[in-house]
Amino acid sequence: MTPLEYDRARIWHPYAPLGNPPPVRMAKAASGTDIILDDGRRLVDAVSSWWCVAHGHNRPEITGAIRRQSERLSHVMFGGFTHEPAVELAERLAAIAPDGLDRVFFADSGSISVEVACKMAVQYHAALGRPRRCRIVALKGGYHGDTSLCMSISDPDGMHTLFKGIMSRQFFAEKPATRLGGKWRADDISSLERILLENGDEVAAVICEPVFQAANAMWFYDAEYLRQARRLCDATGTLLVYDEIAAGFYRTGPRWAHERSGTVPDIMTVGKALTGGHITLAATLVSGKVADTVSGGSPGAFMHGPTYMANPLACAAACASLDIFGKNDYEAMSLGIGEAFRRELSGAECLPNVADVRIEGAVAVLEMRKPPRRDEIERTIDAHGVWLRPFGNFIYSMPPLVTDGRTVARIAGAMLDLAASPPGETDSSGFHE
Ligand SMILES: Cc1ncc(COP(=O)(O)O)c(C=O)c1O
């Protein structure tokens, strides 16, 4: 068997069947915005390898930091030890986090950081003598990861319905309908308000992807929703959790998507671009009020501890990534990519199969009436040398934040070509992301 044949027969890929998956390509290397295949062809990574490769692939500053760290300390259990990269990273995250979120739990993936955020909220209420407050309110259209708790707070009609039987029951508020920057519709908040007023004594926290619902809906909603949510959480003693894993680190323009609202959450999760997409790491940032309450309760210890917690290689990579973020105007870079997409995709809304066009920061979305066909996706990728990964009815790009205008034009050309191609009837593009 060739390596590709072996892969096809034996190795699962995300959201794909074993044995007959959609085609996979053999990546040999990557550099800048490009993924380089074994036959030498280059594909522009128009989705930043699921939105994490913020500075481009294989940045020498980050690979160098990982190499140097590996010569000293590749790993040590975080139970009973600490190390410089973890301490440095915690300090630096606290410095750029929203006000007061200066307590840090390091997790090994975004999903785990969300699990930690929810468990922290439950343990907070338990410490205050409110053990009944152990459910989460999430938003329809949201996505927070694939582990069991994360599935239970992701869109209830999304891809996880098969697993309802093992999920804990949570509350779901309606997806906010007011578009980002649109005229605020007061009834947008009424669903969340009703849940908190009627069931607040069971709710530990409200969680949302602030402003940008990514992996399920590719939807940008108005920041007023967050102000209203903050007000309701304060009134009902509920914690507010922002999941900035997809939107954080300038993806939608500002460093944190929620900055537009002027609100501060009690807990926030970050991941993906944290290490510039070089190695897995996420973090749950927690306010002193929550951390002190958890620590002051029984058992005091926060009950979570992954084997690879605060892995030194990952922490060193994240510090190097934060250096790069600090040396460049990433907000301007992100907005510049948005401007280029706006130019290059103008007129897309006139294509018969395009239902809506949404562009914010370095995110460009064509919402289709019918999904693109699998063979058309493959043809487009090969013809344009642009790696796209449409899902559901969405053809979208979230390229590395260092992508230049010419490359954005190439990506937009590929998106338009695919959007104009004959559509499929049902989604055959891979269910997710
Ligand atoms: C908003 C959000 N939260 C959580 C996750 C889960 O992160 P991970 O895939 O690193 O577990 C994702 C992944 O796409 C995400 O977009």
Side-chain angles (χ1 to χ4, degrees), residues 12-16 45 47-54 105-121 136 138-155 158-160 163 170 175-176 205-221 226 240-252 255-258 265 267-285 304 306-311 314 317-318 321 360-363 365 389-392 394 396-398 430-433:
W12 266 289
H13 285 260
Y15 315 103
D45 187 353
V47 292
S48 307
S49 284
W50 274 339
W51 327 335
C52 59
V53 181
F105 188 103
F106 288 116
D108 35 11
S109 72
S111 301
I112 300 303
S113 70
V114 171
E115 297 260 344
V116 163
C118 296
K119 285 174 67 176
M120 190 81 71
I136 307 293
L139 303 190
K140 289 186 183 169
Y143 175 82
H144 297 284
D146 284 353
T147 54
S148 172
L149 200 156
C150 293
M151 290 195 297
S152 79
I153 54 174
S154 296
D155 188 75
M159 61 176 167
H160 295 130
F163 304 104
Q170 316 288 8
K175 180 174 138 186
V206 172
I207 188 167
C208 62
E209 296 159 275
V211 171
F212 177 37
Q213 290 191 307
N216 241 319
M218 286 282 155
W219 174 244
F220 297 93
Y221 62 90
L226 302 178
L240 181 59
V241 182
Y242 288 161
D243 177 350
E244 287 266 11
I245 288 166
F249 293 111
Y250 306 95
R251 178 49 67 186
T252 73
R255 176 157 45 206
W256 311 120
H258 76 265
I267 302 176
M268 184 169 104
T269 55
V270 295
K272 290 203 186 265
L274 175 60
T275 65
H278 285 62
I279 186 168
T280 179
L281 184 70
T284 310
L285 309 178
H304 203 102
T307 305
Y308 282 98
M309 184 169 177
N311 172 259
S321 169
E360 288 297 335
V363 185
V365 183
R389 172 103 178 171
F391 70 96
F394 302 113
Y396 78 95
S397 173
M398 292 167 63
F431 194 31
H432 173 67
E433 295 185 45

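Each ligand, and each atom within it, is numbered from 1 in the order the structure gives. Values below: all heavy atoms of this structure, side chains included; hydrogens, waters and symmetry mates excluded.
A donor-acceptor pair is defined here as one N or O able to donate and one able to accept, closer than 3.5 Å; such a pair exists between the side chain of His278 and the backbone of Gly276. Lys272 places no side-chain N or O within donor-acceptor distance of the main-chain N or O of Gly277, the cut-off being under 3.5 Å.
Judged by the shortest distance from any of its heavy atoms, Trp50 lies outside the 4.0 Å radius around the atoms of ligand 1.
Taking only nitrogen or oxygen atoms, main chain and side chain alike, Gly110 reaches within less than 3.5 Å of ligand 1.
The distance from ligand 1 to the heavy atoms of Asp243 drops below 4.0 Å at these ligand atoms: 1 (C), 2 (C), 3 (N), 4 (C). Less than 4.0 angstrom separates some heavy atom of Ser111 from each of these atoms of ligand 1: 6 (C), 7 (O), 8 (P), 11 (O).
Distances from atom 14 (O) of ligand 1 to the heavy atoms of Lys272, Glu209, Gln213 put Lys272 nearest.
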**Q.** Residues Glu115, Thr147; criterion side chain to side chain donor-acceptor pair (under 3.5 Å); working and verdict
**A.** CA-CA 8 Å; Glu115 297 260 344; Thr147 54; 2.5 Å; yes

Using the rule given for side chain to side chain donor-acceptor pair (under 3.5 Å), can you reason through His160 versus Asp146, listing the C-alpha separation, both sets of side-chain angles and the distance that settles it, and then say yes or no? CA-CA 8 Å; His160 295 130; Asp146 284 353; 3.1 Å; yes

Q: Please test Asp243 against Val114 for side-chain contact (heavy atoms from CB on, under 4.5 Å), starting from the C-alpha separation and ending with a verdict.
A: CA-CA 7 Å; Asp243 177 350; Val114 171; 3.6 Å; yes

